[in-house]
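Note that the structure is a prediction, hence the values are computed from the model and not measured.
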Amino acid sequence: MLKAIFLDMDETLCATSLADKHAVGQLKLYVADLYPQLDADLFLERYVAGVYKKLNDELPELVPLLNDELYFRQNLIIVLFKEQGIDLPFDSAVAIQACFDQSRMSGFDFFPGMKEALVELRKAYKLVVITNGPVFSQHPKLATTEMQQYVDHIIVGGEEPEEKPALSIFEKALGLVGCKPHEAIHMGDSLAADIAGANNAGIKSIWVDTQKEANHQQLVYIKPDFIVANPVELTEIVASLA
């Protein structure tokens with residue numbers, strides 16, 4: 001019998017990519033206006049790559065700063081400006097990062113129909129959000145969406161010894177709701193983190209297919225129990241398991 005539903009946040013409950021797109025657009029306007037000598041498109045391409053830790057090998061000097069995500073991003077901005085021959089004061093990097101953060105949060109919200117789905121599901125099941133990521137980025141998202149009003153528990157990977165797909169974080173969620181693995185189901189968009197993690201914990205899994213080819217290639221060796229294109233389809237799957 002199903003008793004609990006575990007949920008990823010980014011690209012599962014909330015449209016993170018849309019918020020990112022909005023923030024990048026606003027940041028481009030900001031830096032292009034203040035720094036006309038800057039190739040804004042190149043800066044933004046590398047900034048986003050850096051934020052998602054895709055430049056760690058290329059910029060090893062920034063890796064020791066990763067324990068403080070805000071400071072890491074501010075220094076990333078300074079380095080990326082320096083690549084284009086611009087010496088940027090630290091306070092200017094602070095302002096640039098603030099522009100991105102504020103713009104991102106102004107566009108961050110649930111997918112349509114998701115809040116209503118959570119309200120209904122919570123009448124019968126315990127709901128737990130399990131989100132990977134640093135406190136710096138995840139706590140503002142949780143506050144902006146008032147997530148605590150819609151679920152019973154929230155686990156932020158950046159506050160835990162291990163993030164998804166580690167068994168420990170799923171075991172913590174099970175402990176919070178007093179469930180055994182077969183009494184829970186987990187939904188997320190990452191095959192490697194969400195689906196592999198749930199499967200390894202003995203928890204049924206629902207994969208949110210965001211139509212990325214790289215993800216489809218992983219389906220060869222990571223098998224979700226269910227696949228949805230719209231996360232609101234969760235309600236139908238839960239009803240079928242009742």
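- Alongside Leu191, the hydrophobic cluster contains Ile195, Trp207, Leu219, Val220, Tyr221, Ile222, Ile227 (criterion: ILVMFWY side chains under 4.5 Å).
- In this structure, the side chain to side chain contact (heavy atoms under 4.5 Å, CB included) partners of Val51, at least two apart in sequence or on a different chain, are Tyr47, Arg73, Leu76.
- The environment of Lys126 atom NZ is sparse: at most 12 non-hydrogen atoms of other residues, nucleotides or ligands sit within 6.0 angstrom.
- Taking the six-membered ring for Trp, Phe43 and Phe81 have ring centres closer than 6.0 Å.
- In terms of heavy atoms, Ala193 sits closest to Asn132 at CB-ND2, 4.1 Å.
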message: Evaluate Leu118 against Leu7 for side-chain contact (heavy atoms from CB on, under 4.5 Å), listing each step before the verdict.
response: CA-CA 10 Å; Leu118 294 177; Leu7 302 151; 3.7 Å; yes
message: Determine whether Leu13 and Thr131 satisfy the following criterion, side-chain contact (heavy atoms from CB on, under 4.5 Å), listing intermediate values before the conclusion.
response: CA-CA 10 Å; Leu13 295 179; Thr131 177; over 6 Å; no
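- The distance from the CD atom of Glu236 to the CG atom of Asn230 is 9.0 Å, given to the nearest 0.5 Å.
- For Ser17 and Glu11, the side-chain atoms include at least one donor-acceptor pair closer than 3.5 Å.
- Cluster annotation: Leu38 is not connected to Leu29 through the hydrophobic network of ILVMFWY side chains, with a link wherever side-chain heavy atoms come within less than 4.5 Å.
- Linking ILVMFWY residues whenever their side-chain heavy atoms come closer than 4.5 Å, directly or via other members, leaves Val129 and Val177 in distinct clusters.
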- prompt: Step by step, would you call Leu234 with Val228 a side-chain contact (heavy atoms from CB on, under 4.5 Å)?
  reply: CA-CA 8 Å; Leu234 166 68; Val228 298; over 6 Å; no
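- Scanning for side chain to side chain donor-acceptor pair (under 3.5 Å) contacts around Ser190 gives an empty result, with sequence neighbours left out.
- Between the side chain of Thr235 and the backbone N or O of Val232, at least one donor-acceptor pair lies under 3.5 Å.
- When atom types are taken as modelled, the side chain of Thr12 and the backbone of Asp189 share a donor-acceptor pair closer than 3.5 angstrom.
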task: Please assess Leu2 against Val238 for the test side-chain contact (heavy atoms from CB on, under 4.5 Å), listing each intermediate value before the final yes or no.
output: CA-CA 8 Å; Leu2 187 66; Val238 169; 4.0 Å; yes
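- No donor-acceptor distance shorter than 3.5 angstrom exists from the side chain of Thr144 to the backbone of Lys141, with no hydrogens or angles considered.
- When all heavy atoms are compared, the tightest approach of Pro89 to Asp87 is CD-O, 3.7 Å.
- Between Glu58 and Arg46 there is a salt bridge, since a side-chain N of the basic residue sits under 4.0 Å from a carboxylate O of the acidic one.
- Lys164 places a side-chain N or O within donor-acceptor distance of the main-chain N or O of Ile130, the cut-off being under 3.5 Å.
- With 3.5 Å as the limit, one finds a donor-acceptor pair spanning the side chains of Asp209 and Gln211.
- Aromatic ring centres of Phe72 and Phe136: separated by at least 6.0 Å.
- In plain terms, the two heavy atoms of Ser103 and His22 that are nearest each other are O-CD2, 3.0 Å.
- With hydrogens and angles ignored, the 3.5 Å screen pairs a side-chain donor or acceptor of Thr145 with a backbone N or O of Leu142.
- Tyr150 has its ring centre less than 6.0 Å from the ring centre of Phe110.
- Asn199 and Ser205 form a side-chain donor-acceptor contact under 3.5 Å, judged by distance and modelled atom types alone.
- Contact check for Arg122 versus Val151: no side-chain heavy atoms found under the 4.5 Å cut-off.
- Atom CD of residue Gln97 and atom CD1 of residue Ile78 lie 11.0 Å apart, to the nearest 0.5 angstrom.
- For the atom pair CE of Met187 and CD1 of Ile237, the computed distance is 8.0 Å after rounding to the nearest 0.5 Å.
- For the atom pair NE2 of His182 and NZ of Lys3, the computed distance is 7.5 Å after rounding to the nearest 0.5 Å.
- Minimum interatomic distance between Leu176 and His153 (heavy atoms only, all atoms of both residues): O-NE2, 3.5 Å.
- Of the possible polar contacts, one joining the Asn75 side chain to the Tyr71 backbone as a donor-acceptor pair under 3.5 Å is found.
- Ile155 and Tyr125 fall into different hydrophobic clusters, where Ile, Leu, Val, Met, Phe, Trp and Tyr are joined by side-chain heavy atoms under 4.5 Å apart, directly or via other members.
- Scored by the side chain to side chain donor-acceptor pair (under 3.5 Å) test, Ser168 finds Glu162 as partners (sequence neighbours excluded).
- Side chains of Glu159 and His139: a donor-acceptor N/O pair is present below 3.5 angstrom, by distance only.
- No option in Asp20, Leu55, Leu27, Val24 other than Val24 meets the side chain to side chain contact (heavy atoms under 4.5 Å, CB included) test with Val48.
- Lys53 NZ: more than 12 foreign heavy atoms inside a 6.0 Å radius.
- For Glu171, there are no salt bridge (Lys or Arg N to Asp or Glu O under 4.0 Å) partners, not counting sequence neighbours.
- To the nearest 0.5 Å, the span separating CD on Gln74 from CD1 on Ile96 amounts to 10.5 Å.
- One finds the OH atom of Tyr30 at 9.0 Å from the CD atom of Gln102 (value rounded to the nearest 0.5 Å).
- Residues Asp8 and Gly188 share a closest heavy-atom pair of CB-CA, 3.7 Å.
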message: Show, in sequence, the C-alpha distance, side-chain angles and deciding distance for Asp10 and Gln138, and conclude whether the side-chain hydrogen bond (donor to acceptor under 3.5 Å, both in side chains) test is met.
response: CA-CA 9 Å; Asp10 294 305; Gln138 301 309 84; 3.0 Å; yes
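- Looking only at distances, no side-chain donor or acceptor of Glu69 sits under 3.5 Å from a matching main-chain atom of Ser137.
- For Gln84 (side chain) and Asp39 (main-chain N/O), a donor-acceptor pair under 3.5 Å exists by modelled atom type.
- Every residue two or more places apart in sequence or in another chain was checked for a salt bridge (Lys or Arg N to Asp or Glu O under 4.0 Å) with Glu116, and none qualifies.
- Taking both residues in full, the closest heavy atoms of Thr16 and Arg104 are given as CG2-NH2, 3.7 Å, listed atom of the first, atom of the second, then distance.
- Under the 3.5 Å distance criterion, the side-chain polar atoms of Asp152 are matched with a main-chain donor or acceptor of Leu127.
- More than 12 heavy atoms of other residues, nucleotides or ligands sit less than 6.0 Å from atom CZ of Phe111.
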